Participant: 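Structure in structure tokens, see below.
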Amino acid sequence: MDHELIERIKNLKRYHNAVILAHNYQRGEIQDIADFVGDSLELSQRAARTDADVIVFCGVHFMAETAAILSPEKKVLLPDIEAGCPMADMITLEELKEAKKEFPDAVVVCYVNSSAQIKAESDVCCTSSNAVKVMRAYKGRRIIFVPDRYLGQYVSEATGQELILWPGYCATHSWIGPEDIRKLKRQYPGVPVVVHPECRPEVRAMADAVLSTGGICRFASEQDFTSLIVGTETGILHRLRKENPSKRFIPASRNAVCPNMKRTTLRKVARCLERLEPEITVPQEIRRKAKKALDAMLALT
Ligand code: CIZ
Ligand code: SF4
């Protein structure tokens with residue numbers, strides 16, 4: 001019974017002085033029990049600010065790592081250790097080292113969707129909400145951007161900067177095709193379309209706005225519309241509908257479901273609070289270097 005599980009989670013949370021953070025792509029029932037719902041950076045910053053001893057990170061591996069990098073004195077738990085990000089895994093440390101050897105004068109910018117090791121080997125990190133700003137700060141420099149080529153292409157078009165792109169991409173966002181948008185535009189004439197920059201360029205070209213998940217949530221509450229077509233992982237619809245009950249949100253594709261984000265269940269949250277594992281830790285030397293890349297980003301935004 002969900003009701004009993006939720007009570008158990010609440011009690012364990014109090015007992016361990018824990019905070020539960022949920023990404024915008026998590027299941028609705030997970031978002032509902034979380035102390036805070038947001039994008040990966042908002043969540044990690046929130047984690048660093050709380051006086052909780054334990055952070056239950058309902059998201060994927062790199063997000064829990066980011067929280068551990070910013071809050072080394074806290075215990076960071078990931079309810080399902082298998083919840084990874086296939087895009088983050090599309091670049092290895094060796095591959096990045098090779099690319100750096102090939103372009104020794106380049107600045108390395110990594111998307112937050114990357115492992116702690118990749119962050120440690122980068123000069124600066126960025127998220128989908130500040131990528132344009134971060135890249136502009138290095139105007140005139142040669143830039144290697146890893147691992148998302150679609151976000152890279154978007155930033156390149158927005159800033160006019162040429163980037164050395166890595167061929168990574170998010171399989172979940174690439175489920176959204178131009179034919180989906182075309183069909184919905186025909187079905188709902190005049191309804192605005194917002195998409196995430198991880199979407200394919202031909203989908204992005206059909207959108208009225210290209211926004212991070214945080215940006216989509218702000219757009220939804222601030223802009224005047226009755227219906228909105230949303231091109232990102234469908235978990236965000238729960239939050240959008242909850243925060244804007246009088247507005248209608250239409251998924252660009254019902255297939256845009258991230259299997260890794262959906263691994264987190266109430267049962268797994270309760271179990272990880274009972275056992276205080278799986279814990280995510282980052283070795284000291286990697287942590288120090290990765291924090292430098294995150295700090296460099298925070299200084300720019
Ligand atoms: O940074 C995040 O949380 C991700 C993965 C997406 C977004 O746009 O918020
Ligand atoms: Fe990774 Fe895509 Fe899932 Fe986000 S939605 S965690 S980028 S696979």
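Whatever order the structure lists ligands and atoms in, that order sets their numbers, starting from 1. These numbers were taken from a predicted model, which means no experiment stands behind them.
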Participant: Please check if the side chain of Thr301 supplies one atom and the backbone of Met297 the other of a donor-acceptor pair under 3.5 Å.
Facilitator: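 The answer is yes, because a donor-acceptor pair under 3.5 Å joins these two groups.
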Participant: Can you name the one residue among Arg239, Lys247, Arg241 that meets side-chain hydrogen bond (donor to acceptor under 3.5 Å, both in side chains) with Glu243?
Facilitator: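 Result for side-chain hydrogen bond (donor to acceptor under 3.5 Å, both in side chains) with Glu243: Arg239.
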Participant: Between Asp32 and His238, do the side chains contain a donor N or O and an acceptor N or O under 3.5 Å apart?
Facilitator: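 Short answer, yes.
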Participant: Listed by chain and number, what are the side-chain contact (heavy atoms from CB on, under 4.5 Å) partners of Ser212, not counting sequence neighbours?
Facilitator: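 For Ser212 the side-chain contact (heavy atoms from CB on, under 4.5 Å) partners, ignoring immediate neighbours, are Ser128, Ser129.
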Participant: Any Lys/Arg nitrogen of Lys97 or Glu94 sitting under 4.0 Å from an Asp/Glu carboxylate oxygen of the other?
Facilitator: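 So Lys97 does not pair with Glu94 through a salt bridge.
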Participant: May I have every N or O pair linking ligand 1 to the protein at under 3.5 Å, one per line with atom names and distance?
Facilitator:
| residue | atom | partner | partner atom | Å |
| --- | --- | --- | --- | --- |
| ligand 1 | 1 (O) | Ser40 | OG | 2.8 |
| ligand 1 | 3 (O) | His23 | NE2 | 2.6 |
| ligand 1 | 3 (O) | Ser40 | N | 2.6 |
| ligand 1 | 3 (O) | Ser40 | OG | 3.2 |
| ligand 1 | 8 (O) | Ser128 | OG | 2.7 |
| ligand 1 | 8 (O) | His196 | NE2 | 2.5 |
| ligand 1 | 8 (O) | Thr213 | N | 3.0 |
| ligand 1 | 9 (O) | Thr213 | OG1 | 2.5 |

Participant: Mind checking the NZ-OG spacing from Lys183 to Ser253? Nearest 0.5 Å is all I need.
Facilitator: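 The OG atom of Ser253 is 8.5 Å from NZ of Lys183, to the nearest 0.5 Å.
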Participant: Under a 4.0 Å N-O cut-off, is there an ion pair linking Glu65 with Lys119?
Facilitator: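 No.
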Participant: Are Ser40 and Thr66 close enough, and set up right, to give a side chain to side chain contact (heavy atoms under 4.5 Å, CB included), and what steps lead you there?
Facilitator: CA-CA 8 Å; Ser40 58; Thr66 308; over 6 Å; no
Participant: Which pairs count as ring-ring contact (aromatic ring centres under 6.0 Å, His included) when at least one residue sits in residues 63-116, sequence neighbours excluded?
Facilitator: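 ring-ring contact (aromatic ring centres under 6.0 Å, His included) check on residues 63-116 returns no pairs.
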Participant: Under 2.8 Å from atom 2 (Fe) of ligand 2, protein N/O/S atom count?
Facilitator: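 Considering protein N, O and S only, atom 2 (Fe) of ligand 2 has 1 within range.
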